[in-house]
Amino acid sequence: DYLLDPGKSFVTPTVAWTWSDSGRREVTRRFHDWTRARVLRDPQRLRPIVANNWEATFFSFDQERITALIERAAALDVDLFLLDDGWFGTNHPRDDDTTSLGDWDADPAKLPDGLAPLAQAAVAAGIRFGIWVEPEMVNRASDLFADHPEWVLRDRREPREHRNQLVLDTLQPAVREFAAGVVDRALAHDPGISYVKWDANRPITDPGSGALGPDRQSNLWVDHVHATWDLMAEVAGRHPEVELMLCASGGGRTDHGTLRWFHEFWTSDNTDPVTRVRMQWACSHVFPAAAMAAHVTRWGGRPMEFACAVALSGRFGLDLDLDSLTQEELAVCRRSVALARRTQDLVQQGELVRLVSPVEGADTSRAALTHLSADRRRAIVFGY
């Protein structure tokens, strides 16, 4: 139920609808054109080739380790190094996912001088620097929760942890300002920080807000979305030149409504390239490849060439321990980065044509697709 006050209007969510009598190629083209024209931020801006440290270090790193990975990434000619989770927490160091969300100061044990030396190391190496945040969430083991337990979403029960987290109540203006300030503070470490990965690793399981009256608690499902969109719009407005990645571990925020303030989304934490062939095939029906972050990882134990080939059909990136790669693997990654740079305009802005389906027909062990330039003079074909 949604309780609507007299004289107020209610706008239902927008529905994007199209049809074609010439197959899914035309449907896909229309969705992609509409997404670029009406939804996606900076649709003509080529998305960067990203190297992420998460699967190299997880929570265990220090300034020296990250600096070495930055130098490795720069040697591969990527565009940007992204420092993922684990860089923050003072009284509650972020050494695992049970603590520290809400306390957004750099961990002095890992980064005694904050993020600035890392951003400066990246710029000195000729690449950009990005940072991970999760501004809508809080751990119980944090100074923020100790100071503001009333800031979390809760119904009549005591709020329950999910993935060791609670959700902050963005219906409260003070919470929205705090969350926007999380991004402000992260970027304030150094002007060389030009990319933010905004994560949201938890669904709402305690749908209640102190900002709503007792008779309006069911309004939360709608009002919380709009309040969160207001927060995202505020951050995008404050930092128009900063690229934003929309992230939720299971791809839970791959929606056009939220994507209006972001340049791309993290398609899924499942990065096994065999699974990703089918996942990206499906996702690309309504989202252009520029929006679908696709990173090379060790998931599934697949050959490096195959993992790179699958990631190249999305917004290409690397999430590997670059220090542990063999010379042969480094050569594969270097060639893949070069190929991504040569073809990223085709993949991100060209027309997608599906050739061989990995999900339909008698043989689902193969797939093929192509991206065509607008003038039809160039194309890249992926065959798996």
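The residues of the chain are indexed from 1 along the displayed sequence.
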Between [Y] and [X], is there a side-chain heavy-atom distance shorter than 4.5 Å?
| X | Y | value |
| --- | --- | --- |
| Phe262 | Trp198 | yes |
| Phe145 | Asn139 | no |
| Trp54 | Phe59 | yes |

Closest approach of [X] to [Y] (non-hydrogen atoms, all atoms of both residues):
| X | Y | answer |
| --- | --- | --- |
| Asp269 | Trp299 | O-CH2, 3.3 Å |
| Leu76 | Leu330 | CD2-O, 4.0 Å |
| Leu40 | His263 | CD1-O, 3.6 Å |
| Ile131 | Ala186 | CG2-CB, 4.1 Å |
| Ala294 | Gly314 | CB-CA, 4.1 Å |

Inset, instruction - Please write out which residues are connected to Leu46 in a hydrophobic cluster, directly or through intermediates, given that two of Ile, Leu, Val, Met, Phe, Trp, Tyr count as joined at side-chain heavy-atom separations below 4.5 angstrom. - result: none

Legend entry - ILVMFWY clustering at 4.5 Å (side-chain atoms), partners of Leu4: Tyr2, Phe10, Val222

By salt bridge (Lys or Arg N to Asp or Glu O under 4.0 Å), which residues pair with [X], not counting sequence neighbours?
| X | answer |
| --- | --- |
| Arg176 | none |
| Glu161 | Arg140 |
| Arg376 | Glu351 |
| Arg41 | none |

Inset, instruction - Would you kindly check if the NZ (Lys) or CZ (Arg) of Lys197 is within the cone defined by 45 degrees around the ring axis of Trp266 and under 6.0 Å from the six-membered ring centre? - result: yes

Legend entry - Arg260 charged N/C atom sitting above Trp229 aromatic ring, 6.0 Å / 45°: yes

Legend entry - Pairwise salt bridge (charged side-chain N to carboxylate O under 4.0 Å, His left out) hits with a residue in residues 47-61, at least two apart: none

Legend entry - Any pair counted as salt bridge (charged side-chain N to carboxylate O under 4.0 Å, His left out), so long as it reaches residues 14-24, sequence neighbours left out: Arg24-Glu360

Inset, instruction - Look at the side-chain heavy atoms of Ile, Leu, Val, Met, Phe, Trp and Tyr, link any pair under 4.5 Å apart, and say whether Ile380 and Val356 land in one connected group. - result: no

Please identify each residue that fulfils side chain to side chain contact (heavy atoms under 4.5 Å, CB included) with [X], with sequence neighbours left out.
| X | result |
| --- | --- |
| Ser218 | Asp1 |
| Gln120 | Ala116, Asp190 |
| Ala200 | Glu136, Met137, Arg253 |
| Arg185 | Trp104, Asp105, Phe178 |

Legend entry - Note: Arg202-Asp206 ion pair, threshold 4.0 Å (strictly below): yes

Inset, instruction - Determine, using ring centers only, whether His256 and Phe287 are less than 6.0 Å apart. - result: yes

Inset, instruction - Compute the centroid of each ring, for Phe382 and then for Trp281, and state whether the two points are separated by less than 6.0 Å. - result: no

Inset, instruction - Step through the shown structure and confirm whether more than 12 heavy atoms of other residues, nucleotides or ligands are within 6.0 Å of CZ on Arg160. - result: yes

Legend entry - Crowding at CZ, Arg238 (>12 non-hydrogen neighbours, <6.0 Å): yes

Legend entry - Heavy-atom donor-acceptor pair, Asp323 side chain to Ala68 backbone, under 3.5 Å: no

